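Counting convention: from 1, in listed order, for ligands and their atoms alike. Bear in mind the structure is a predicted one, so any value in this text is a computation, not a measurement. In this chain, residues are counted from 1 in sequence order.
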Amino acid sequence: MHPQTHAIHAGRRIDPTTKAVAPPIVLSTTFEHAPDSSYEQFLYSRYDNPNRAALEECVAGMENGAAGIAFASGMAAIMAVIHGLQSGDHVLAPADCYFAVRRQLTELYAGWGLQASFVDMSNLDAVRAAMQTNTRLVWTETPSNPGVFLTDIAAVAEIAHTAGAICVCDNTWATPLLQKPLDLGCDIVMHSTTKYLAGHSDVLGGILVLKERGAIFERLKVYQKVAGAVPSPFDCWLVLRSISTLPQRMAAHCDNAEKIAQFLAAHPNIEKVHYPGLAENRFHELAKRQMARFGGMLSVEVAGGWDAAIAVCGKVKLFTCATSLGAVESLIEHRASVEGPESPTPRGLLRLSVGLEHYEDLIADLAQALE
Ligand SMILES: *Cc1c(COP(=O)(O)O)cnc(C)c1O
């Protein structure tokens with residue numbers, strides 16, 4: 001099936017009792033046993049429920065994976081992976097990564113004896129040098145938040161596997177439409193479904209997709225059921241409903257972001273544009289190899305640093321100054337002030353989530369804010 005068809009049909013079937021075309025939301029937390037007390041698929045809603053199963057089936061197929069495991073947020077999905085490690089194990093993560101991942105590794109798990117180090121994953125020699133004998137997990141995020149760095153997924157997965165570690169890719173920014181990390185050698189793909197998959201800034205969620213139904217899958221499945229950070233049936237229904245239009249939304253996000261990146265690259269008050277779609281971007285060749293398109297996210301460094309960047313946020317009218325990304329409306333955010341004093345993010349960096357408005361209106365808004 002083509003992605004557009006899969007996005008609409010996978011995980012959906014006509015409801016056998018009501019013949020409903022849109023899937024019903026099953027709120028029941030419990031399901032009747034058979035006369036011999038056995039049960040087929042559904043027992044209790046924390047374990048599994050029809051809306052969650054449908055979402056997992058759909059996203060797993062989009063990533064060419066064997067199975068999906070859905071969580072209440074992206075961070076809950078990440079925690080499930082990290083929790084599978086032992087004290088004394090080492091995690092290698094990107095220096096430019098989603099800030100809460102850094103916090104999970106350094107604040108929450110350091111006390112449990114987990115070791116973590118952070119490396120520029122765009123530098124393969126640095127990745128090789130940072131591998132330790134106890135490295136069990138190599139975490140990648142590409143394109144990365146907020147610097148829009150790209151990682152050569154196939155190369156890093158090979159480094160991880162050679163050292164006996166698993167490789168996970170946070171594919172939130174690319175979505176399965178632009179990049180399929182499992183096909184490039186990763187063992188697990190992770191999404192914050194809050195972002196492009198849901199796409200409307202109205203539901204939180206996370207999902208893991210596994211390449212195989214092996215021992216790691218079984219352990220993560222136990223974690224999902226027993227740790228209990230599961231998404232509600234309605235949350236799953238919303239994400240699955242939104243996935244129907246993901247292929248068309250992603251194409252439009254990419255079209256708009258390419259135009260906006262070109263406009264900003266030529267603007268005198270912008271020092272740097274981080275967007276792999278620009279020919280001069282250092283990740284352009286890798287992006288062409290590994291991604292179908294260049295994505296809807298970009299970041300810029302404003303001339304004049306912190307104050308100048310904040311001033312732009314105060315002047316935009318169509319872009320909303322807010323966190324998060326991947327939704328129909330355009331958002332802009334000064335990351336360093338959100339991440340706090342520890343943040344390695346450049347002081348004048350603004351992150352743009354380019355939405356689905358007409359690009360001429362978005363460019364006009366940025367032009368007046370940058371004057
Ligand atoms: C938002 C985000 C997360 C965290 O997901 P939540 O749904 O907010 O918990 C992780 N990684 C990336 C790249 C994100 O953008």
Protein heavy atom at shortest distance from [atom]:
atom	result
atom 8 (O) of ligand 1	Tyr98 OH, 3.9 Å
atom 2 (C) of ligand 1	Lys195 NZ, 2.5 Å
atom 6 (P) of ligand 1	Gly74 N, 3.4 Å

I'd like to check which ligand 1 atoms, numbered from 1 as shown, lie under 4.0 Å from a non-hydrogen atom of [X].
X	result
Trp173	13 (C), 15 (O)
Glu141	13 (C)
Ser73	7 (O), 9 (O)
Gly205	7 (O)
Met75	4 (C), 5 (O), 6 (P), 9 (O)

Going by the angle between their ring planes, with limits at 30° and 60°, are Tyr196 and His253 parallel, tilted or perpendicular? perpendicular
Parallel under 30°, tilted from 30 to 60°, perpendicular over 60°: which one fits the rings of Phe234 and Trp237? parallel
Has Ser144 got any heavy atom lying under 4.0 angstrom from an atom of ligand 1? no
Looking only at heavy atoms of Asp170, does any of them come nearer than 4.0 Å to an atom of ligand 1? yes
At their closest point, which heavy atom of [X] faces which heavy atom of [Y], and how far apart are they?
X	Y	result
Glu141	Tyr98	OE1-N, 2.7 Å
Pro146	Asp96	CD-OD1, 3.4 Å
Ala76	Ser73	N-OG, 3.1 Å

If you compare Thr193, Leu325, Thr194, Thr172 by their heavy atoms, the one closest to atom 7 (O) of ligand 1 turns out to be Thr194
Contacts of type salt bridge (charged side-chain N to carboxylate O under 4.0 Å, His left out), residue Arg293, not counting sequence neighbours: Asp255, Glu258
Enumerate donor-acceptor pairs with a distance under 3.5 Å from any side-chain N or O in residues 24-33 to protein atoms, sequence neighbours excluded.
from	atom 1	to	atom 2	distance (Å)
Ser28	OG	Thr30	N	3.4
Ser28	OG	Thr30	O	2.6
His33	ND1	Ser37	O	3.3

Would a line drawn from the ring center of Phe294 to the ring center of His284 be shorter than 6.0 Å? yes
